[in-house]
There are 2 protein chains.
Amino acid sequence: MESDLSAFPRPHVAVDIALLTVRPTQDRLELVTLVQDRTEEPLGHSIPGRFIRERHTVAQTVDELLQLEVGISLGRRRPHPLRVYDDPDRDTRAWGLSIATWLALPWRAVAHATGTWRPISPSGTPRGVKLLFDHDRILREAVSELRDRYETSPDPERLLPGLFTLLDLRHLHEAVLGERVRKDTFNRRMREQLEPTGHETTSLSPPGPPHSAHASRRGRPAQLYRHPRRTTSHDGDLWRLPREQ
Amino acid sequence: MESDLSAFPRPHVAVDIALLTVRPTQDRLELVTLVQDRTEEPLGHSIPGRFIRERHTVAQTVDELLQLEVGISLGRRRPHPLRVYDDPDRDTRAWGLSIATWLALPWRAVAHATGTWRPISPSGTPRGVKLLFDHDRILREAVSELRDRYETSPDPERLLPGLFTLLDLRHLHEAVLGERVRKDTFNRRMREQLEPTGHETTSLSPPGPPHSAHASRRGRPAQLYRHPRRTTSHDGDLWRLPREQ
DNA sequence: GAAATAGTGTCTATTAGACAATATCGT
DNA sequence: ACGATATTGTCTAATAGACACTATTTC
């Protein structure tokens with residue numbers, strides 16, 4: 001590193017965010033992403049993005065972006081880093097980098113966002129639109145990461161409210177993965193990563209904080225679970241090579 | 001995005017790289033990293049870094065960095081993205097971002113690099129020095145990623161030459177992981193991800209390209225293996241939830 | 001009672017991990 | 001022959017996946 005920093009050219013730096021959520025439909029849940037219509041050239045569809053402000057962090061930029069251009073609040077959550085897009089020709093106007101991020105939020109927190117929520121196809125891109133720049137690719141990678149995380153953890157993105165049943169959780173997984181999963185294996189794997197509350201679903205609200213509507217009001221009442229303590233690191237020792245004593 | 005891009009402030013963007021390799025010692029291999037002495041303020045030890053040039057990519061910048069300030073050649077390899085460090089106060093001279101990357105190269109390609117190769121402690125930081133900025137943390141994360149990759153794959157970073165034995169491979173793993181691993185389980189897991197060549201180690205060189213010195217010239221000759229075709233994606237279906245038909 | 005859902009039990013094939021035995025070399 | 005290493009075989013406990021059965025509610 002040299003001393004006179006002003007001698008170095010500096011790129012424009014944008015932050016793009018793939019925003020994902022799971023939305024209830026008539027009979028099920030579906031994974032959707034937020035697509036916006038650009039008002040500047042080049043016109044078309046894109047995911048939300050914004051140039052980073054002086055001495056702002058990526059997280060701050062995402063925060064501003066969500067507040068000003070999407071109309072939602074980030075809260076205490078942090079966006080997941082995805083990658084840096086550095087093709088010098090990716091923006092025809094000037095030399096710029098894009099820091100791609102992604103974030104999954106519960107539907108109730110983002111239902112009113114500015115833009116159009118579009119269902120995600122099995123391949124990970126939004127159905128029915130072609131996005132500008134490399135945004136289809138960003139979205140594919142974001143969806144891929146989200147799906148990977150849900151293969152092994154109950155609800156890493158905390159899309160469910162504080163109390164939920166295994167059926168709620170399975171519906172969530174099927175929406176994220178875009179496929180049906182086997183009930184018994186699913187339940188067994190997930191149960192050991194969850195904390196039972198001792199309470200069951202009833203017609204009345206259970207004691208404690210209110211929780212969202214559950215999948216069905218028919219059938220036998222189900223155990224209510226909550227998210228595990230963070231210490232239940234149910235990963236990491238998986239597929240490690242056995243060490244010599 | 002607005003039209004007049006010149007209105008936006010732009011950060012300095014540096015690329016830092018954690019360079020890792022496995023070096024032979026008298027009786028074993030050890031994981032080492034390259035530490036350099038800074039010639040500018042703040043003085044101290046750091047990993048190689050450089051500001052990105054106009055319309056250059058991260059990979060190009062790494063390439064220049066390695067050629068000009070380390071004296072080695074990147075070849076066709078690509079650095080692994082790590083994360084973006086965006087603390088506005090991380091550099092006292094000006095507002096800047098750091099794009100952290102890491103790369104592991106075979107010892108024979110980097111032995112003569114400019115700087116000091118320092119052994120990596122079990123925790124992932126170089127033994128005996130304290131690095132400037134957040135470089136200790138970058139290194140910890142790089143080593144963690146490297147170790148994760150070697151838990152499940154024979155040689156994802158291609159640190160071994162074209163032909164090698166399972167003993168060579170195990171020595172490599174033990175250097176990377178910093179722990180002994182069980183021979184039989186190791187061999188079984190790795191063998192199914194490798195291609196046997198049909199040739200064995202002998203006093204003479206085997207047919208084909210020359211390969212580096214093997215671990216030992218004692219004992220029964222061992223099968224020589226080569227890296228698998230990339231299609232042996234021996235991952236990805238691990239710990240997936242079973243789908244409903 | 002029928003339908004729907006929750007929860008439990010069990011069988012089997014597979015596999016990890018450990019241990020042991022055998023094979024083949026250099027010295 | 002001996003030491004060192006490679007390679008193969010086997011035993012056992014654990015577990016995934018599949019399937020079936022029972023339990024409890026709403027309608």
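Below, chain A is the first sequence line, B the second, and so on; all start at residue 1. Given the structure is predicted, the values throughout are model-derived calculations rather than measurements.
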(request) Scan Asp184(A) against the nucleic acid and name what it touches under 4.0 Å (heavy atoms): base, sugar-phosphate only, or nothing. (result)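 Asp184(A): base contact, heavy atoms under 4.0 Å.
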Tell me the interatomic distance from [X], atom [atom1], to [N], atom [atom2], rounded to whole angstroms.
X	N	atom1	atom2	answer
Gln223(B)	dC25(C)	CD	C1'	15 Å
Asn187(A)	dT5(C)	CG	C1'	11 Å
Glu192(A)	dT15(D)	CD	C1'	10 Å
Phe186(A)	dA18(D)	CZ	C1'	17 Å
His199(A)	dA6(C)	NE2	C1'	18 Å
Arg240(A)	dG17(C)	CZ	C1'	15 Å
Glu151(A)	dA16(D)	CD	C1'	15 Å
Leu169(A)	dT5(C)	CG	P	16 Å

(request) Output the distance between atom CG (Leu74(B)) and atom CG (Leu105(B)), rounded to the nearest 0.5 Å. (result)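 Answer for the CG-CG pair, Leu74(B) versus Leu105(B), is 7.0 Å.
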(request) Starting at OH of Tyr225(A), measure out to CZ of Arg191(A) and round the result to the nearest 0.5 Å. (result) 4.5 Å
(request) May I ask you to decide whether Glu179(A) forms a salt bridge with Arg240(B), counting only side-chain N to carboxylate O separations under 4.0 Å? (result)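 Yes, Glu179(A) and Arg240(B) are salt-bridged.
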(message) Does this structure show an ion pair linking Arg137(A) with Glu141(A), if we count only N-O contacts that are shorter than 4.0 Å?
(response)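 Salt bridge: yes.
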Closest to side chain of [X], choosing from [options]:
X	options	result
Pro242(B)	dA23(D), dA18(D), dA6(D)	dA18(D)
Pro221(B)	dA6(D), dT24(C), dA6(C)	dT24(C)
Leu167(A)	dA6(D), dG7(C), dT5(C)	dT5(C)

(message) Please compare Arg220(A) and Arg191(B) by the position of their nearest nucleotide in DNA chain D and report the one closer to 5'.
(response)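 Looking at the nearest nucleotide for each, Arg191(B) comes out on the 5' side.
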(message) Using heavy-atom distances to pick each residue's nearest nucleotide on DNA chain D, tell me which of Lys183(B) and Arg188(B) is more 5'.
(response) Lys183(B)
(message) So, OP1 or OP2 of dG17(C): does either fall under 4.0 Å of a side-chain N or O from Arg182(B)?
(response)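 No, Arg182(B) has no side-chain N/O under 4.0 Å of OP1/OP2 on dG17(C).
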